[in-house]
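To find a chain, count down the sequence lines: A is the first, B the second, and so on, and within it residues start at 1.
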Protein chains: 2
Amino acid sequence: MTNPDQPAPKGKADETRSRILNAALDLFRRKGFEQSTMREIASEAHVALGNAYYYFDSKEALVMAFYQRAGDEMAPRVEEVLQEVKGLEKRLSAILAVKFEYFEPNRTFLGALLRHAADPEHPLSPFGEETRRIRERDIEFFARAFEGTRGDMPKDLAPHLPKLLWLYQMGLILFWIYDRSPNQRRTTVLREKSLDLLTSTLKLLSIPLLRPMRKRIVELVLAAEGDEAHA
Amino acid sequence: MTNPDQPAPKGKADETRSRILNAALDLFRRKGFEQSTMREIASEAHVALGNAYYYFDSKEALVMAFYQRAGDEMAPRVEEVLQEVKGLEKRLSAILAVKFEYFEPNRTFLGALLRHAADPEHPLSPFGEETRRIRERDIEFFARAFEGTRGDMPKDLAPHLPKLLWLYQMGLILFWIYDRSPNQRRTTVLREKSLDLLTSTLKLLSIPLLRPMRKRIVELVLAAEGDEAHA
DNA sequence: GTCTATATCGGGATAGAC
DNA sequence: GTCTATCCCGATATAGAC
C-alpha cells in the first residue's frame with residue numbers, strides 16, 4: 001500500500017530508481033563497469049531484473065544517469081567557488097578542483113563514459129546530441145570563469161574560449177583516467193602547469209601584434225564547428 | 001600468440017588467419033563494427049566460431065590486427081612521401097594525407113579502435129602498452145618530418161614535438177570520425193588550417209624572447225610523462 | 001504506473017573433444 | 001587447428017500482482 005502520510009518529495013518510483021542507481025554506482029566503484037552485471041545490480045537493489053530495465057534502458061543508461069546527477073550535484077559547488085574566488089587562473093583551477101574532487105571516487109569506471117567519445121552514433125558520447133544539455137551547462141561554467149576578468153581578454157577570441165576550455169578539461173580527465181601514479185599525482189601537477197601555461201598563452205595572445213594569429217584561431221574554430229551550430 | 005615482427009612465412013595458419021581478418025574487415029566496412037557478429041565473420045571466412053577465437057582473442061582484436069596491418073602497409077607510402085616532399089608543413093601534410101587516404105574506407109568502424117582510448121585497462125587502448133610499438137613507429141614518422149628543417153626549430157622543444165604531433169594527429173582522426181559533413185569536408189579544412197596554425201606557432205615559439213614559454217612547455221610534457229618513460 | 005517472476009533470444013567468449 | 005557444445009550476460013518479452 002502506498003503511504004500518503006509521507007511528505008515524500010520523492011515518490012516511491014524515484015526512491016526505487018535511485019536505489020537502483022546507487023546499487024549500480026556502488027558496484028561500478030567496487031568492481032568496475034564491465035565486471036558488474038545487471039543481475040547483480042538488480043539483486044543488490046532488491047528489485048527484479050525487469051524492474052531495473054524498467055527504470056534504465058540499458059546498463060550504460062546508468063552511467064548516463066550518473067553523469068546527469070554529477071552535473072546536478074556539482075552545479076551548486078561550482079556556483080559557490082565562482083562567488084568566492086577571483087582571478088581567471090584561480091577561478092578555472094577552482095572549477096577543475098570541484099570536478100576532480102567529485103569524480104575522484106568514480107575514477108575507475110569513468111572510462112565507461114568516455115569510452116564512447118569515439119563513437120558518434122552512441123548516445124553516451126560526450127560530444128553527441130544526447131549529452132548536449134549537460135555539456136552546455138558545463139561550458140557555461142567556464143564562461144562564468146571569465147567574469148570579472150578585466151577587458152584584457154581578446155574580444156575576437158573570447159566567444160570561443162569556454163568551448164575550448166571544456167575540451168581542455170576533457171583532455172585532462174582522459175589523462176587522469178590513465179594516470180597510474182600514486183594518488184594520480186601526475187595529473188595534479190599537469191593541472192597546475194597546464195593551467196599556468198594556458199593563462200600565460202592567453203595573455204601573450206592578447207597583445208595587439210598577434211591579432212592575425214588570433215584571427216586564424218577563430219577561423220579554425222569556426223571551420224571545426226561548420227554549419228552545424230553546436231552551441 | 002602470433003608473432004607480428006616476423007615477415008611471416010605464409011603457412012596454412014597464416015592463410016586462415018588472414019581469411020578471418022579479411023572477412024571481418026569486409027563486414028565491418030559494410031555493416032559497421034557493432035552490427036557484425038563473430039558468427040557472421042566466422043561463417044563468411046568458412047571457419048567455425050571457435051576457430052575465429054583461436055586466432056583472435058576477441059572481436060576487438062580484429063580491429064587491433066587491422067591497426068597493425070595499417071601500420072605495415074602505410075609505412076612504405078610514408079617513406080615515399082618523405083623522400084619526395086620538402087618543407088616541414090608540406091611534409092606533415094603529406095604524412096597526414098597518406099593516413100587519411102588509407103583509413104578513408106574504414107572511417108565508419110575506426111571508432112571501434114579509438115573507443116578504448118578512455119579505458120587504460122583495455123589492451124586496445126591507443127595509449128596503452130600493447131599498442132606501443134605501433135605508436136612508436138608512428139611517432140618516428142613525425143620525427144622524420146622534421147628532417148631537412150633548417151636549425152630554426154627550437155632545440156629545447158624539438159625532442160618532444162614528434163609525440164605532440166602524434167597526439168595532434170589522434171585529435172584530427174577523432175574529429176574526422178565525428179565529421180558528418182559531405183565527404184568529411186570539414187576535416188579537410190581543419191587539417192589545412194590547423195597545420196598552418198601549428199607551423200606558425202612553432203615559428204613564433206622559436207624566437208629567443210619566448211624561451212621561458214618553451215621551457216614551461218617542456219616542463220609540462222615532462223610532468224605528463226612522469227617517470228614512466230613511455231618512449 | 002510500479003513491480004515480480006520467468007522464459008527467451010542474441011551474441012561474445014570458453015572448454016574440451018577430435 | 002579445428003570443431004561442437006556450452007556458458008554468461010545484456011536485453012526483451014510476457015503474464016500477472018498490487
Side-chain angles (χ1 to χ4, degrees), chain A residues 1-4 6 8 10-25 27-28 30-66 109 112-113 115-116 119 121-124, chain B residues 1-3 8-25 27-28 30-65 109 112-113 115-116 119 121-124:
Chain A
M1 287 298 165
T2 54
N3 189 343
Q6 288 295 32
K10 289 185 162 197
K12 190 180 168 205
D14 289 309
E15 207 283 319
T16 306
R17 192 187 145 86
S18 72
R19 203 170 67 240
I20 295 168
L21 179 55
N22 287 335
L25 295 183
L27 276 165
F28 290 165
R30 276 157 44 204
K31 318 175 43 176
F33 178 76
E34 312 281 7
Q35 265 52 51
S36 311
T37 72
M38 285 299 277
R39 284 161 176 88
E40 262 183 308
I41 292 166
S43 150
E44 196 93 339
H46 304 290
V47 297
L49 176 61
N51 201 16
Y53 276 105
Y54 176 77
Y55 283 99
F56 299 94
D57 287 346
S58 70
K59 191 175 164 183
E60 283 163 350
L62 286 160
V63 183
M64 184 64 169
F66 163 73
F109 80 84
L113 186 64
R115 118 130 110 286
H116 302 281
D119 186 356
E121 303 292 302
H122 202 284
L124 259 80
Chain B
M1 37 165 18
T2 54
N3 190 339
K10 273 209 153 208
K12 186 183 167 200
D14 290 306
E15 207 284 319
T16 307
R17 189 187 146 89
S18 71
R19 205 170 66 240
I20 295 168
L21 179 55
N22 287 335
L25 295 183
L27 277 165
F28 290 166
R30 275 157 45 204
K31 318 176 42 176
F33 179 75
E34 310 281 8
Q35 265 52 50
S36 313
T37 72
M38 285 299 279
R39 281 162 178 85
E40 263 181 307
I41 292 167
S43 151
E44 197 93 340
H46 305 289
V47 295
L49 176 61
N51 202 14
Y53 277 103
Y54 174 79
Y55 284 98
F56 299 93
D57 289 346
S58 70
K59 190 176 166 185
E60 286 159 350
L62 285 160
V63 183
M64 180 65 170
F109 79 84
L113 185 65
R115 123 129 109 284
H116 302 280
D119 186 355
E121 303 292 301
H122 203 284
L124 260 82

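Results of the salt bridge (Lys or Arg N to Asp or Glu O under 4.0 Å) test with B:E15 over B:K12, B:R17, B:R19 single out B:R19 as the only residue that passes.
Proximity of residues 48-60 of chain A to DNA chain C (heavy atom under 4.0 angstrom from any strand atom) is restricted to A:A48, A:N51, A:Y54, A:Y55.
Atom CD1 of A:I41 and atom C1' of D:dC8 are 15 Å apart (whole Å). Rounding to whole angstrom units, NE2 of residue B:H46 and C1' of D:dC3 are separated by 16 Å. One atom, CE of B:M38, and another, C1' of D:dG10, lie 18 Å apart when rounded to the nearest Å. Here D:dA11 presents its P atom at 11 Å from CD of B:E34, a figure rounded to the nearest Å.
Between A:F109 and A:F66, a ring centre-to-centre spacing shorter than 6.0 Å is recorded.
In this structure, the separation between CD1 on B:I20 and CG on B:L62 is 8.0 Å, given to the nearest 0.5 Å.
Within the 4.5 Å cutoff, no side-chain heavy atoms of A:L21 are placed close to those of A:Y55.
At least one donor-acceptor pair closer than 3.5 Å links the side chain of B:E40 to the backbone N or O of B:T37.
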I would like to know whether B:M64 and B:F56 meet side chain to side chain contact (heavy atoms under 4.5 Å, CB included); could you show each step before the answer? CA-CA 10 Å; B:M64 180 65 170; B:F56 299 93; over 6 Å; no

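The side chain of A:R39 sits closest to D:dG10 out of C:dG11, D:dG10, D:dT2.
When the side-chain nitrogen and oxygen atoms of B:K12 are compared with OP1 and OP2 of D:dT2, one or more of them lie within a distance under 4.0 Å.
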